[in-house]
Each structure stands twice: as C-alpha cells, then as structure tokens.
Amino acid sequence: MPAKTIASACCLILCLFGFWGTAHAGSPRSAAETFYWSLGWETEKKHSPAFEEAFELFLEDQKQGYAAFMQAAWAGDPDALAMLCVAAKVAEPGYYGINAEYWEKWITEIMGEGEGTCFIAMHHLLFLLKGAGNNEQVRRSVYACSELFRRSALARNPKGMFGAGLTYDKREPVTPLPPMPAGATSYDAKALRFKSREFYGERQYWLVAASVAGDAYAAEDIAAGYLFTPELEPDEQQAEYYLNLSALRGNTSAAQTLATSYIKTFDKKFYNAMVYIVLAAMLKENKLETADEKNFPNGRLVHIWGQRFLHGLDGYPKSLTQAQYEAAIEKGKALYRQAAPIRDAYRLVDEIIYKAASARLPEVKADFEKNFIKQ
C-alpha cells in the first residue's frame with residue numbers, strides 16, 4: 001500500500017466503520033491493515049502487476065482504469081473482475097452502459113453467492129483504503145460493502161459473517177437473525193450476551209457466528225472486546241478462550257496477544273507465555289524449526305524471551321527452569337503442528353476458488369462481447 005494513503009485510509013476506516021478489535025492498540029497502519037487483511041488475507045495479498053498498474057491508473061482516471069481492469073480480467077485476473085464491479089457501483093449507472101449488477105451476477109455465478117459477495121466487498125474495502133473516490137463514491141462504496149457482507153453472511157460464509165458484524169451499522173438491520181451455526185459452546189452463549197458501546201446486538205451476533213463457523217479473526221475480535229473495552233472490567237477467561245481458539249486456527253497476531261496477556265494480564269503465567277511466543281514465531285516464519293534458533297528473526301525473539309524468563313533479565317522475574325523452558329518449546333511446536341494445517345487448509349480453499357474463477361473468465365469475456373460489443 002503506498003505510504004501516502006495509509007493515514008487517510010486509517011481515518012476513513014475508523015470513521016466509516018467504527019472498527020475496534022486490535023486496531024486500537026497500534027499505529028495508523030495497524031488500524032487499516034487489521035480491518036482489511038483480517039477478513040481472510042493475514043499477509044498482504046499479492047496482486048498481479050497488471051492489476052497494480054490498472055489500480056494506479058484508476059486513481060488518476062477512473063474511466064481509463066476501468067478499461068485497464070477489463071484487460072486484466074480478460075487475462076485471467078478475478079481481482080480485476082471484482083474491481084470492474086466496484087468501479088461500476090461507485091460510478092452509477094456504470095461505464096459504457098454496464099452496471100455493477102452485470103459483473104456481480106458473473107462473480108457470484110463463478111464463485112458462489114457467499115464467496116462471491118464477500119470477494120466483491122473486500123474489493124470495496126480496497127477501494128476505500130486506497131482513497132480512490134470522491135465523497136459520493138465513498139458513500140456508495142460503504143453501503144455496497146456492508147450489503148455485500150450481509151448477503152455473504154446470510155449465505156453462511158464465515159468471512160462474510162465477520163464482515164457483516166464489522167459493518168452492521170452501515171445498512172438496514174437483519175431481522176430476524178438466522179440460527180447460530182452448529183457447534184456453539186457455552187463461551188459463545190456468554191459472548192452473545194456481551195454488551196458495550198462497540199459490541200452488542202447484530203454486530204456481536206455475526207462475530208460469534210463467524211467464530212463458531214471457523215473464522216480465526218472473528219474469534220480474535222471477540223477477545224479484544226473482553227480485554228480492551230474501557231468501560232468494562234476485562235473478562236480474562238473469555239478473552240483467553242477466544243485468543244486460544246484464534247491462535248490454534250493459525251492466527252499469528254492472536255498468538256502474540258495471548259503471549260503478551262500471559263505476561264501482563266493473566267496472572268503472570270510465564271510458562272504459557274513462552275508456549276505462545278514459540279507458536280507465534282513459528283506461524284510468522286511459517287516453518288517448524290528449533291524455536292529459539294538464532295538464525296531466523298522470530299527465533300531470535302524466542303531466544304531473547306527465554307533468556308529473560310530463565311535468568312530474570314530486563315526487569316522480568318526468573319520464572320522458568322531450563323526444563324520448563326524446553327518443555328514450553330516442545331509444547332509450542334506441538335501447537336504449531338496443530339494450527340498450521342488448519343490455517344493452510346483455509347488458504348488452500350481460497351486458492352482453489354480463485355483458480356477456478358480464473359479458469360471461467362473466458363466465459364465472462366464471451367458473454368460480455370456477445371452483449372456489449374457491436375458486431
């Protein structure tokens with residue numbers, strides 16, 4: 001993301017969506033990143049060079065950018081197809097007599113209702129993060145984004161449920177709310193009753209539903225409510241449950257937050273902190289090695305924290321024996337072996353859907369040429 005757009009994107013997202021979660025804890029970049037990437041792209045999604053070039057052109061001249069997105073779509077890029085839909089929506093009634101509904105119909109045809117509407121909504125977020133539109137276009141994009149997440153949520157898409165929760169106040173409410181997905185626990189029942197200025201009603205319902213359906217980032221967001229709501233005392237048991245759930249689904253930031261909480265909040269459980277420091281390092285590096293190996297960056301962090309707990313350095317108490325430290329390393333490795341396949345399975349599903357959509361773009365092009373290109 002270009003540096004010049006980061007601060008404005010942060011303000012835009014916070015103002016438009018009132019996002020809470022982990023965004024409050026860090027820099028302007030963390031606020032914008034968290035909202036966008038946490039909906040399924042933990043690390044910054046790599047777009048094709050043609051897509052990036054089209055977006056740069058779109059920022060300068062939307063009509064020319066639209067044409068460039070079309071060329072990228074015909075070359076097999078589903079992201080570009082989604083941006084055709086976004087561009088047509090924010091510039092209603094669209095370009096060249098083609099409205100957003102045409103592109104939306106095809107995206108939901110080739111990706112499915114739940115995945116397709118979520119995919120388009122994510123690209124509305126990208127449009128907003130890039131600062132690409134005027135005030136009226138921003139208004140249209142915000143509403144369209146929220147509506148698309150609502151549709152995705154009603155189709156039982158976990159990322160769509162999470163998005164519907166984060167954007168619930170930018171559209172008409174969903175009434176009645178659908179049944180909670182199967183598998184809800186007593187922790188989820190309690191979470192549904194949680195109320196604060198930020199977490200309540202439909203917002204909280206969709207966050208819990210997304211977590212029950214398997215979304216790691218919704219679980220992290222629920223935990224944030226229990227830890228960081230100013231007007232309420234932290235509920236450490238609920239926060240620990242949801243952070244652990246998120247971390248064991250492969251969410252690096254949840255593992256990091258859990259480790260920090262064990263050091264500062266959860267009764268100084270230094271053994272547990274060490275376990276999740278190891279897990280976070282392995283998830284970050286995306287490999288299983290000796291967790292305190294000094295030749296990779298996050299391994300060095302594990303080593304530093306280990307020395308603090310073993311020897312009482314940097315103001316931390318001497319809290320682990322060598323045997324406890326080694327046991328924590330092994331436990332962290334075991335959790336990584338559990339979490340990484342879950343994370344990778346979700347990524348694989350997304351990849352399969354994306355490749356299948358790319359393979360069907362010639363159908364979209366043929367239909368477009370049949371209906372809109374003069375013979």
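By convention here, the first residue in the shown sequence is residue 1. Only this structure's heavy atoms are used, side chains among them; waters, hydrogens and symmetry mates stay out.
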query = Backbone N or O of G116 within a donor-acceptor pair of the E104 side chain at under 3.5 Å?
reply = no
inquiry  = Regarding E240 and Y262, do their side chains bring together a donor and an acceptor under 3.5 Å, going by distance alone?
reply    = yes
inquiry  = Can you confirm whether L126 sits close enough to D79 that some side-chain heavy atom of one is under 4.5 Å from a side-chain heavy atom of the other?
reply    = no
ask   = Do S146 side-chain atoms and T167 backbone N/O form a donor-acceptor pair below 3.5 Å?
value = yes
message = Which heavy atom of L84 sits nearest to which heavy atom of A73, and what is that distance?
response = CD1-CB, 4.3 Å
request  = Check I107 against C85 and note the closest heavy-atom contact, atom names and distance.
outcome  = CD1-CB, 4.1 Å
task = Please name the pair of heavy atoms, one in G165 and one in R203, separated by the smallest distance, quoted to 0.1 Å.
result = O-CG, 3.3 Å
key: From OH (Y271) to OG (S319), nearest 0.5 Å   = 13.0 Å
inquiry  = Can you confirm whether F270 sits close enough to I263 that some side-chain heavy atom of one is under 4.5 Å from a side-chain heavy atom of the other?
reply    = yes
remark   = To the nearest 0.5 Å, atom CZ of F51 lies from atom CZ of F58 at 10.0 Å
request  = Nearest 0.5 Å please: distance from the CD atom of Q238 over to the CG atom of L227.
outcome  = 11.0 Å
query = Under 3.5 Å, is there a donor-acceptor pair between the side chain of S358 and the main chain of Y354?
reply = no
Closest heavy-atom pair and its distance - L279, A339 = CD1-CB, 4.5 Å
key: Residue pair F194, I222: steps toward the side-chain contact (heavy atoms from CB on, under 4.5 Å) verdict   = CA-CA 9 Å; F194 181 83; I222 295 168; over 6 Å; no
query = Parallel, tilted or perpendicular: which describes the rings of F309 and W305, with under 30° parallel and over 60° perpendicular?
reply = tilted
request  = Using a strict cut-off of less than 4.0 Å between a Lys/Arg side-chain nitrogen and an Asp/Glu carboxylate oxygen, indicate whether R249 and E220 qualify as a salt bridge.
outcome  = no
Side chain D367, main chain V364, donor-acceptor under 3.5 Å = no
message = Closer than 3.5 angstrom, by distance alone: can the side chain of Y205 be matched with the main-chain N or O of P178 as a donor-acceptor pair?
response = yes
query = If Ile, Leu, Val, Met, Phe, Trp and Tyr residues are connected whenever their side-chain heavy atoms lie under 4.5 Å apart, and connections chain through other members, are Y143 and V174 in the same group?
reply = no
task = For the pair K269 and E236, find out whether any cationic side-chain nitrogen is under 4.0 Å from an anionic carboxylate oxygen.
result = no
inquiry  = I'd like to know whether M274 forms a side-chain contact (heavy atoms from CB on, under 4.5 Å) with V302, so could you lay out the CA-CA distance, the side-chain angles of the two residues, the decisive distance to 0.1 Å, and finally the verdict.
reply    = CA-CA 8 Å; M274 198 70 242; V302 170; 3.8 Å; yes
task = May I ask you to decide if A50's main-chain N or O and E53's side chain share a donor-acceptor pair within less than 3.5 Å?
result = no
ask   = Does L310 belong to the same Ile/Leu/Val/Met/Phe/Trp/Tyr cluster as I304, with side-chain heavy atoms less than 4.5 Å apart forming each link?
value = no
inquiry  = Is any side-chain heavy atom of R360 closer than 4.5 Å to one of E109?
reply    = yes
Remaining members of hydrophobic cluster (4.5 Å side-chain criterion), Y346 = I342
A239 to A223 - nearest heavy-atom pair and separation = O-CB, 3.7 Å
query = Around atom CD of E101, are there more than 12 heavy atoms of other residues, nucleotides or ligands at under 6.0 Å?
reply = yes
key: Ring centre gap for F368 and W106 strictly below 6.0 Å   = no
Within the 6.0 Å centroid threshold, strictly below: Y242 and Y187 = no
query = Does the ring center of F69 lie less than 6.0 Å from the ring center of F55?
reply = yes
message = Centroid separation under 6.0 Å, is that true for the rings of F372 and Y102?
response = yes
ask   = Same hydrophobic cluster for I373 and L361, using side-chain heavy-atom links shorter than 4.5 Å among ILVMFWY?
value = yes
ask   = Got more than 12 heavy atoms from elsewhere within 6.0 Å of CD, E172?
value = no
ask   = So do the side chains of V138 and V90 get within less than 4.5 Å of each other, counting heavy atoms only?
value = no
ask   = Passes side-chain contact (heavy atoms from CB on, under 4.5 Å), E326 versus E330? Steps please.
value = CA-CA 6 Å; E326 292 173 1; E330 292 307 311; 5.8 Å; no
request  = Give the minimum heavy-atom separation between T321 and Q324, together with the two atoms involved.
outcome  = N-OE1, 2.8 Å
task = Output the distance between atom NZ (K195) and atom CZ (R193), rounded to the nearest 0.5 Å.
result = 11.0 Å
inquiry  = Does anything in residues 301-312 form a salt bridge (charged side-chain N to carboxylate O under 4.0 Å, His left out)? List the pairs, not counting sequence neighbours.
reply    = R308-D314
key: Backbone N/O of K105 and side chain of T108: donor-acceptor pair under 3.5 Å   = yes
inquiry  = Using the ring centroid of each side chain, check whether H123 and F119 are separated by less than 6.0 Å.
reply    = yes
task = Classify the side-chain pair D61/Y66 by whether it contains a donor and acceptor separated by less than 3.5 Å.
result = no
note = In this structure, CE of M161 is separated from CG of L154 (nearest 0.5 Å) by 8.5 Å
request  = Dump the intermediate steps for side-chain contact (heavy atoms from CB on, under 4.5 Å) on N157 and F162, then the final yes or no.
outcome  = CA-CA 9 Å; N157 180 278; F162 186 24; over 6 Å; no
query = Side chain of Q204, backbone of A191: donor and acceptor closer than 3.5 Å?
reply = yes
request  = Flag yes if V349 and I110 sit in one hydrophobic cluster, no otherwise; membership is Ile, Leu, Val, Met, Phe, Trp, Tyr, and two members link when side-chain heavy atoms are under 4.5 Å apart.
outcome  = yes
request  = With rounding to the nearest 0.5 Å, note down the distance linking CD1 in I277 to NE2 in H303.
outcome  = 13.0 Å
task = Would you check if the side chain of S261 reaches a backbone N or O of T257 as a donor-acceptor pair within less than 3.5 Å?
result = yes
task = May I ask you to check whether over 12 heavy atoms, not counting those of N371, lie within 6.0 Å of atom CG?
result = yes
request  = Using a 4.5 Å cut-off on heavy atoms from C-beta on, say whether the side chain of R151 contacts that of L148.
outcome  = yes
Heavy-atom side-chain contact between K284 and L301 under 4.5 Å = no
Side-chain donor/acceptor of R343 to backbone N/O of T252, under 3.5 Å = no
task = For residues I120 and K89, determine if any side-chain heavy atom of one lies less than 4.5 Å from a side-chain heavy atom of the other.
result = no
